[in-house]
Engineer: 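One structure coming up, written as structure tokens, with questions to follow.
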Amino acid sequence: MSDVRVIIQRDSEREERVVTTGTTAADLFAGERTVVAARVAGELKDLAYVVADGEEIEPVEISSEDGLNILRHSTAHVMAQAVQELFPEAKLGIGPPVKDGFYYDFDVEKPFTPDDLKLIEKKMQEIQKRGQRFSRRVVTDEAAREELADEPYKLELIGLKGSASHDDGADVEVGAGELTIYDNLDAKTGELCWRDLCRGPHLPTTRVIPAFKLMRNASAYWRGSEKNPQLQRIYGTAWPSKDELKAYLEFLAEAEKRDHRRLGSELDLFSIPEDIGSGLAVFHPKGGIVRRVMEDYSRRKHEEAGYEFVYTPHATKGALFEKSGHLDWYADGMYPPMQLDAGVDYYLKPMNCPMHNLIFDARGRSYRELPLRMFEFGTVYRYEKSGVVHGLTRARGFTQDDAHIYCTREQMGEELDRTLTFVLDLLRDYGLNDFYLELSTKDPEKFVGSDEAWEEATETLRKVAEKQGLELVADPGGAAFYGPKISVQARDAIGRTWQMSTIQLDFNLPQRFDLEYTAADGSKQRPVMIHRALFGSIERFFAVLLEHYAGAFPAWLAPVQAIGIPIGDAHVEYLQEFAAEAKKKGLRVEVDASSDRMQKKIRNAQKSKVPFMIIAGDEDMENGAVSFRYRDGSQENGIPRAEAIAKLVDVVERRVQV
């Protein structure tokens, strides 16, 4: 038997090894229980892969991104096998790994119930313990169609070979090359237990799946299109250890407590009435206060930074979006047109930038006016699919804190630096402090403008980002076709990442709108255009802060900053006088004069997450004082009234949490 030479690559370490012909990746990494697959020439392979002479092989750990995807996709197969054992009539859809888990779609007569999910999970545990082997088998298109003749959705996927999309998960089933089926084989007899069309790779056996749990089920259109049949989707999660699964479930429980939709209802901040429509929120008085304070602070900071406020209408003739190009590439995300004025199409605006360009172009511009920074709280409308609408974070109507900056090419670097610093400082003012930056660069297949302009702009953005001293993550090919961008990613109190601000260079719109300014030498020049959304949208940022603070806003943002709680009825008027004095200082103070007992009033204030409770009794009245009770239950007694108000004012002005 001849030998073959292979290179084992581990990070920066390379080890040459001579092995016998027929050696598998599993043989190379024998005894390394955390290795679940191998990467050969950039492609992921099962551990059953037979290595060839001269190949470089890299072990794939179960805790790596690829390893987790393999674990979760293998668990999805186990779930699908369990479903078909319990519900033989179920037809298979697609079952890809997703962030923190997996799902599988099924065509069944009636929706799964919570009890069904319990039965399926129990059956999965049985399959996991059997230690069935995942075995890859290459098949022809014709053979696959014959073998899967009773699986109509799989037959459709076979027809997609070479054009399967990552967006709907079809690419986990079929790729551009050969078709493969994965068999689940009995560990002892080798008999076929179940099989599925799949590209792989998979874990060696079901026993390698350490920990999993089914989470929920929902309806989903086949391949994400509302024109297709509606299937039943079961979501699950899988992790490399039981401890990691437990930690993830605890994280989800905490996230559920912080869910802005739940808190919005409990704290009477906002609602999304069915009578208005999905994705269209109304803010209640308390939520309106929070939103107004957020906006007012932002306005003040923008004014200090030299921005000029503009206002634009909610609707416009379709010709404007033809000129901007939005109707060419964004029509599916827009509300359908209204035909007015003898058949002219009007659209609700999905973005503000075309109108800002018209303001720039309303008269001649001089280089002396640049940089020109326009800012607007502009409400826009986007027709998001019903399946992706989610509270305030993915809405159909929302208000962007939208800025467009017009500057010379020479000013571009300084303006980008200034803008990014402004963005980060303002986000910190609202209590977000953990950031990293993402730099999205040119897609070589889809871009406008010259290579030189892209290179200059990308390098300028890179230098601006690096200057902040934050982690910079590359997003190769992730830029929109009209220019590179920096996005600010913020981590909240429980470690979730939210994309916040974006700073986007645009080579396209100034050209489409033929924007010009007169340079110092009298020539006409094209301005550089920078799009900048700081919050993304007011609604989404409201939701992020609500979840970040778990509803317990710092006093400067809280709808009620302090609530007076009298020990008895005789103390109500005294606290009302205190509240009146506080309101003169701009504070939001209320008094609970209800007939509830004092302890009930305290509980109500705690549930409402009010930062300060102002308590007064006989001794406080005699001494012209009040007592502070904080959210954590601690108390500070006998504070003179003037000092108490001064303390409230100080906490609000410094924007600190209490």
Side-chain angles (χ1 to χ4, degrees), residues 36 62-63 67-134 151 153-154 169 172-173 182-188 192-198 200 202-220 230-257 259:
V36 294
I62 193 170
S63 58
L68 287 171
N69 284 337
I70 293 167
L71 162 64
R72 288 161 181 165
H73 187 44
S74 298
T75 312
H77 273 226
V78 171
M79 179 177 73
Q81 179 182 349
V83 167
Q84 289 200 315
E85 287 188 14
L86 292 168
F87 305 91
E89 79 288 352
K91 301 302 180 187
L92 299 173
I94 292 172
V98 293
K99 186 181 184 314
D100 296 330
F102 59 89
Y103 68 77
Y104 212 115
D105 291 339
F106 303 94
D107 191 346
V108 287
E109 289 185 4
K110 57 183 181 180
F112 295 112
T113 67
D115 287 341
D116 290 337
L117 263 59
K118 290 178 183 176
L119 290 173
I120 294 167
E121 188 171 300
K122 184 177 179 182
K123 178 62 70 174
M124 290 173 67
Q125 291 166 350
E126 294 174 11
I127 295 169
Q128 187 268 345
K129 289 176 182 176
R130 293 176 202 161
Q132 294 176 0
R133 287 189 292 114
F134 289 99
E151 294 286 359
Y153 302 101
K154 299 296 181 182
V172 304
E173 309 273 340
Y182 271 79
D183 297 324
N184 281 26
L185 303 177
D186 185 273
K188 295 179 181 178
L192 178 66
C193 302
W194 187 79
R195 49 88 182 102
D196 195 6
L197 181 72
C198 185
H202 280 282
L203 301 176
T205 75
T206 60
R207 193 176 289 278
V208 181
I209 300 172
F212 63 86
K213 183 173 180 57
L214 298 187
M215 307 302 295
R216 61 187 175 90
N217 67 292
S219 297
Q230 196 170 70
L231 308 181
Q232 281 291 299
R233 175 173 295 176
I234 300 179
Y235 289 91
T237 188
W239 294 85
S241 70
K242 287 183 170 60
D243 285 345
E244 286 170 278
L245 173 61
K246 181 182 176 184
Y248 176 68
L249 296 177
E250 289 172 350
F251 165 81
L252 288 184
E254 179 60 30
E256 185 178 359
K257 292 178 190 174
D259 189 312

Engineer: Scan the side chains in residues 242-252 for donor-acceptor partners under 3.5 Å anywhere in the protein, sequence neighbours excluded, and list what turns up.
Structural biologist:
unit_1, atom_1, unit_2, atom_2, d
Glu244, OE1, Ser241, N, 3.4
Glu244, OE1, Ser241, OG, 2.9

Engineer: For Glu126, enumerate each residue passing the salt bridge (Lys or Arg N to Asp or Glu O under 4.0 Å) test, keeping only those at least two apart in sequence or located in another chain.
Structural biologist: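 Glu126: salt bridge (Lys or Arg N to Asp or Glu O under 4.0 Å) contacts with Lys123, Arg130.
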Engineer: Any heavy-atom pair between the side chains of Leu71 and Phe102 that's under 4.5 Å?
Structural biologist: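 Counting from C-beta outward, Phe102 and Leu71 never come under 4.5 Å.
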Engineer: If I take atom NZ from residue Lys122 and atom CE from residue Met124, how far apart are they, to the nearest 0.5 angstrom?
Structural biologist: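 It is 14.5 Å, given to the nearest 0.5 Å.
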Engineer: For Asp259, what residues pass the side chain to side chain donor-acceptor pair (under 3.5 Å) criterion, not counting sequence neighbours?
Structural biologist: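 Listed in chain order: Arg261.
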Engineer: Check whether any side-chain heavy atom of Phe87 sits under 4.5 Å from a side-chain heavy atom of Phe106, and report yes or no.
Structural biologist: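 No, every pair of side-chain atoms sits at 4.5 Å or beyond.
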Engineer: Can you list the residues that meet the side-chain contact (heavy atoms from CB on, under 4.5 Å) rule with Leu119, with sequence neighbours excluded?
Structural biologist: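 Leu119: side-chain contact (heavy atoms from CB on, under 4.5 Å) contacts with Leu86.
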Engineer: Keeping the roles fixed (side chain from Ser74, backbone from Leu203), state whether a donor-acceptor pair exists under 3.5 Å.
Structural biologist: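 Pair found, side chain donor or acceptor close to backbone of Leu203.
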Engineer: Is a side-chain donor or acceptor of Glu121 paired with a backbone partner of Leu214 at a separation under 3.5 angstrom?
Structural biologist: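 The answer is yes, because a donor-acceptor pair under 3.5 Å joins these two groups.
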Engineer: Is the backbone N or O of Ser219 less than 3.5 Å from a side-chain atom of Arg233, with the two atoms forming a donor-acceptor pair by type?
Structural biologist: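 Checking the backbone N and O of Ser219 against the side chain of Arg233, no donor-acceptor pair under 3.5 Å is found.
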Engineer: Would the distance check show the side chain of Asp105 and the main-chain N or O of Leu231 forming a donor-acceptor pair, the cut-off being under 3.5 Å?
Structural biologist: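 Looks like no, no N/O pair under 3.5 Å.
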Engineer: Would you find a donor on one side and an acceptor on the other, under 3.5 Å apart, between the side chain of Arg72 and the backbone of Ala238?
Structural biologist: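 Yes: the side chain of Arg72 pairs with the backbone of Ala238.
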Engineer: Looking at Ile70, Ile209, Thr206, which one forms a side-chain contact (heavy atoms from CB on, under 4.5 Å) with Thr75?
Structural biologist: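 Considering Ile70, Ile209, Thr206, a side-chain contact (heavy atoms from CB on, under 4.5 Å) with Thr75 is found only for Ile209.
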Engineer: Would you say that Leu68 contacts Ile62 through its side chain, given a criterion of any heavy-atom pair below 4.5 Å between the two side chains?
Structural biologist: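 No, their side chains stay 4.5 Å or more apart.
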Engineer: Please list all pairs meeting side-chain hydrogen bond (donor to acceptor under 3.5 Å, both in side chains) that have one or both residues in residues 79-100, counting only residues at least two apart or in different chains.
Structural biologist: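 The answer is Gln81-Glu85, Gln81-Gln132, Gln81-Asn184, Gln84-Glu151, Gln84-Trp194.
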Engineer: Find the distance between CD (Gln128) and CZ (Arg207) and round it off to the nearest 0.5 Å.
Structural biologist: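 The CZ atom of Arg207 is 6.5 Å from CD of Gln128, to the nearest 0.5 Å.
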Engineer: Within this structure, what is the CD-CG distance for the pair Gln232 and Asp116, rounded to the nearest 0.5 Å?
Structural biologist: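 If we round to the nearest 0.5 Å, Gln232:CD and Asp116:CG are 9.5 Å apart.
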Engineer: If you compare all heavy atoms of His73 against all heavy atoms of Cys198, which two are closest, and at what distance to 0.1 Å?
Structural biologist: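 In terms of heavy atoms, the two residues are closest at NE2-SG, 3.0 Å.
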Engineer: List for me each residue that meets salt bridge (Lys or Arg N to Asp or Glu O under 4.0 Å) alongside Asp183, sequence neighbours excluded, and say none if there are none.
Structural biologist: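 By the salt bridge (Lys or Arg N to Asp or Glu O under 4.0 Å) rule, Asp183 matches Arg137.
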Engineer: Minimum heavy-atom separation for Gly131 to Ala187, with atom names?
Structural biologist: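 Scanning both residues, the minimum pair turns out to be O-CB, 3.4 Å.
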Engineer: Begin with the C-alpha distance, continue with both residues' side-chain angles, and end with the deciding distance and a verdict on side chain to side chain contact (heavy atoms under 4.5 Å, CB included) for Ile234 and Phe112.
Structural biologist: CA-CA 8 Å; Ile234 300 179; Phe112 295 112; 3.7 Å; yes
Engineer: When you compare the side chain of Gln125 with that of Phe212, does any pair of heavy atoms fall below 4.5 Å?
Structural biologist: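 In short, these two side chains touch, coming nearer than 4.5 Å.
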